[in-house]
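Reviewing the structure listed below.
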Amino acid sequence: MSQFWKPGTEKPRLLDDEEGGVLFFGASPSTSSGYGYSSMERQKQRLPVYKYRTPILYLVETHATTIIVGETGSGKTTQIPQYLKEAGWADGGRVIACTQPRRLAVQAVSSRVAEEMGVKLGEEVGYTIRFEDLTKNGVTMIKFLTDGVLLREMMDDPLLTKYSVIMVDEAHERSISTDILLGLLKKIQRRRPELRLIISSATIEAKSMSSFFQTSKRRREMEGKNLGPRMDPVILSVEGRGFNVQIHYVEEPVSNYIQSAVSTVLLVHDQEPMGDILVFLTGQDDIDAAVQLLTEEVQNRGKSSSGLTILPLYSGLPRAEQELVFAPTPRGKRKVVISTNIAETSLTLEGIVYVVDSGFSKQRFYNPISDIENLVVAPISKASARQRAGRAGRVRPGKCYRLYTEEYFVNEMSAEGIPEIQRSNLVSCVIQLKALGIDNILGFDWPASPSPEAMVRALEVLYSLGVLDDDAKLTSPAGFQVAEIPLDPMIAKMILSSSQLGCSEEIITIAAILSIQSIWVSSRGAQKELDEVKLRFAASEGDHVTFLNVYKGFLQSGKSSQWCYKNFVNYHAMKKVLEIREQLRRTAQRIGIVLKSCEGDMLVVRKAITAGFFANACHLEAYSHNGKYKTIRGSQEVYIHPSSVLFRVNPKWVIYHSLVSTDKQYMRNVISIDPSWLTEAAPHFYQHQRPPSMLH
DNA sequence: GAGCACTGC
């Protein structure tokens with residue numbers, strides 16, 4: 001297949017700077033003169049900071065909110081907290097908080113800042129992520145943390161009084177936590193005029209971010225009289241140090257992006273100077289297919305295409321294989337990494353000079369009517385496309401090959417992706433806001449409002465769990481306890497009930513296992529062996545009890561990695577289970593849940609699961625020969641997933657943990673129940689329907 | 001008898 005590349009006319013402004021290492025605070029709408037210093041030497045010397053000398057200090061002093069725009073590597077997260085600290089914003093017990101959406105980023109950025117400031121990480125500069133707190137009270141002045149941790153901190157300190165400046169990084173990614181946090185910070189600002197916010201975002205989102213923090217005119221006039229900080233946000237642009245990336249488009253739309261990606265890689269390999277290639281596809285299937293196709297093509301071509309190292313990359317890949325992509329490319333060789341979106345933000349590969357962008361990714365969509373989340377392949381946004389292209393310009397000028405036309409990019413591609421909050425189930429999010437005293441969820445000032453249907457559905461679910469009362473207020477103590485448990489509310493409710501049923505030790509194990517991806521090693525090749533090994537642990541009650549058997553075996557082996565290897569159990573996953581379980585034990589003790597084992601009585605364990613997941617009850621269709629179930633609530637047709645220990649067993653009544661929809665709706669992690677437990681666990685939920693016993 | 005974008009508390 002021949003492709004005709006057309007150089008693009010798009011010039012992403014922040015990718016134009018080829019000087020490298022230059023930090024420049026560009027002119028912004030309200031600083032007409034434009035402050036700045038732009039020499040690499042001066043930056044290296046760590047400029048002394050005088051009051052108002054740098055624009056960021058001036059802006060933070062005079063404006064309640066500053067929005068910083070700039071690409072990765074521009075120094076926002078490393079320089080700005082330092083400036084603030086040196087200018088005294090962290091004095092008198094006040095701390096500067098900087099949030100990141102990912103744990104790894106928190107660790108990486110905090111250690112870089114500590115190093116640049118010449119302090120030990122955990123002292124003046126520290127970080128907090130789940131399971132890890134590297135801060136010292138009274139000593140730590142700059143604290144990095146995930147936005148999720150900051151939200152949890154608000155449950156004890158709703159106004160975040162210990163922080164004088166809060167910087168929210170990567171706000172353009174619009175994760176659920178970031179959006180909730182931004183909404184809450186806007187509220188806090190009204191109560192704490194002295195608080196300063198710094199929102200760091202990519203260019204395209206800056207304007208909408210700015211208008212979000214724009215307070216009403218009347219309010220501004222009132223504040224103007226007090227001579228307080230200006231409440232209208234200011235935008236500051238920081239030039240990045242990324243190298244120029246030349247964009248190429250296809251002249252005609254491609255029909256098969258896998259095939260097209262493979263030909264593009266070969267084209268680059270034949271015609272372009274050395275440098276590694278990063279290909280963005282959508283998922284494991286695509287990637288495996290592309291790796292195979294590329295390998296075959298290389299073999300067919302013989303000599304001319306030798307010297308290629310082809311590596312897949314996705315989160316489900318065993319850790320050892322994932323590490324391979326970080327190995328430096330040997331001289332004279334070229335590395336091709338074929339990746340999911342994981343390489344767009346979560347992982348950074350050094351040495352990439354060429355990017356091939358399929359223009360697609362897998363995205364989650366939520367249907368509040370059916371209450372089902374789906375994963376679908378969908379076109380990416382312009383923002384994503386730019387982020388992908390930027391991956392080619394980290395070490396030297398690069399090239400990005402887009403497998404779509406320029407016309408498509410300019411006219412059809414949406415500017416930004418749909419924020420996660422508009423694509424998700426909202427139960428966790430709603431209970432968190434309730435716990436923070438936000439009663440009017442529908443009237444909450446979101447950076448992007450979720451659909452009313454999704455909010456109503458979340459309220460319904462929480463009401464049915466007994467976590468919200470008739471006035472949609474948190475119940476006491478159940479509602480507050482569920483909000484304190486850092487897991488999905490249905491899981492939290494299950495834990496709460498286990499306290500009364502006397503099986504909390506077992507249930508927190510199940511809760512921990514359900515909240516990680518999978519405890520089994522991923523094994524597409526060795527599926528049969530895995531299935532056989534699973535039988536060793538299989539329990540007739542279902543998957544949850546099977547998990548308990550695996551956990552028991554793991555403990556009896558002395559938490560041995562050898563044991564895991566022999567039993568197709570993922571050792572790293574089990575370590576994580578232990579960590580989550582430990583956190584749940586501590587939380588349970590704090591909120592008054594009795595930790596007790598039921599000593600093998602699986603009846604109460606199943607009852608506790610029912611108490612959290614009664615909404616997922618299903619009944620086997622009478623005379624069904626193919627294992628067809630119907631959900632009690634929506635009468636949807638569902639089937640037990642072949643990976644379940646109850647596959648082909650088909651008990652009359654089951655409860656599932658989650659649904660996965662492909663050609664059919666499959667129930668994953670299934671347990672058999674007695675229908676009388678449903679009315680027992682949730683009389684409200686089932687009272688207006690025919691009693692389950694009548695159905696059969 | 002089939003499948004899992006990616007985070008996070």
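Residue numbering restarts at 1 for every chain, and letters A, B, ... go by the order of the sequence lines. Heavy-atom basis, side chains included; hydrogens, waters and symmetry copies ignored. Since we're looking at a predicted model, the values are computed, not measured.
In this structure, the CZ atom of A:R102 is 9 Å from the C1' atom of B:dC6, given to the nearest Å. Taking atom CG of A:N650 as the reference point, atom P of B:dG1 lies 11 Å away to the nearest angstrom. Rounded to whole Å, the distance from CZ on A:R152 to P on B:dC9 is 10 Å. Spacing between atom CG of A:N341 and atom P of B:dC4 amounts to 17 Å, rounded to whole angstrom units. Distance A:E529 CD to B:dG1 P: 20 Å, rounded to the nearest Å. Between the CD atom of A:Q583 and the P atom of B:dG8 there is a distance of 13 Å, rounded to whole Å. The nearest whole Å value for the distance from the CG atom in A:D169 to the C1' atom in B:dT7 is 15 Å. A straight line from CG of A:N374 to P of B:dG3 spans 13 Å, rounded to a whole angstrom.
Using a 4.0 Å heavy-atom cutoff across all strands shown, A:E173 reaches no nucleic acid atom at all. Using a 4.0 Å heavy-atom distance criterion, A:L487 is classed as a base contact. As judged by a 4.0 angstrom heavy-atom cut-off over every strand, A:T340 is placed among residues touching the sugar-phosphate backbone only. Contacts of A:R103 with the nucleic acid, taken as non-hydrogen atoms under 4.0 Å apart, involve only primed sugar atoms and P, OP1 or OP2. Nucleic acid contact class of A:I342 (heavy atoms, under 4.0 Å, all strands): sugar-phosphate only. Note on A:T146: only backbone sugar-phosphate atoms sit closer than 4.0 angstrom, heavy atoms only; bases stay farther off.
Partners of A:E420 by side chain to side chain donor-acceptor pair (under 3.5 Å), not counting sequence neighbours, listed by chain and number: A:R364. The side-chain contact (heavy atoms from CB on, under 4.5 Å) check on A:A573 picks up A:I516, A:N570, with sequence neighbours excluded. With sequence neighbours left out, A:Y257 forms a ring pair (Phe, Tyr, Trp, His ring centres under 6.0 Å) with A:F360. Every residue two or more places apart in sequence or in another chain that forms a side-chain contact (heavy atoms from CB on, under 4.5 Å) with A:Q422 is listed here: A:I418, A:P419, A:A448.
Geometrically, A:R668 does not engage A:Y656 in a cation-pi contact, judged by NZ or CZ lying under 6.0 Å from the ring centre and within 45° of the ring axis.
Residue A:S346 places its side chain closer to B:dT7 than to any other of B:dA2, B:dA5, B:dT7.
Sorted by residue number, the members of residues 654-667 of chain A with any non-hydrogen atom under 4.0 Å from DNA chain B read A:V660, A:T662, A:D663, A:Y666.
Residue pairs meeting the salt bridge (Lys or Arg N to Asp or Glu O under 4.0 Å) criterion with at least one member in residues 531-547 of chain A, sequence neighbours excluded, do not occur.
Comparing A:D147 and A:P642 against DNA chain B, the residue whose closest nucleotide sits nearer the 5' end is A:P642.
Evaluation of atom-type donor-acceptor distances gives a pair under 3.5 Å for the side chain of A:D531 against the base of B:dG1.
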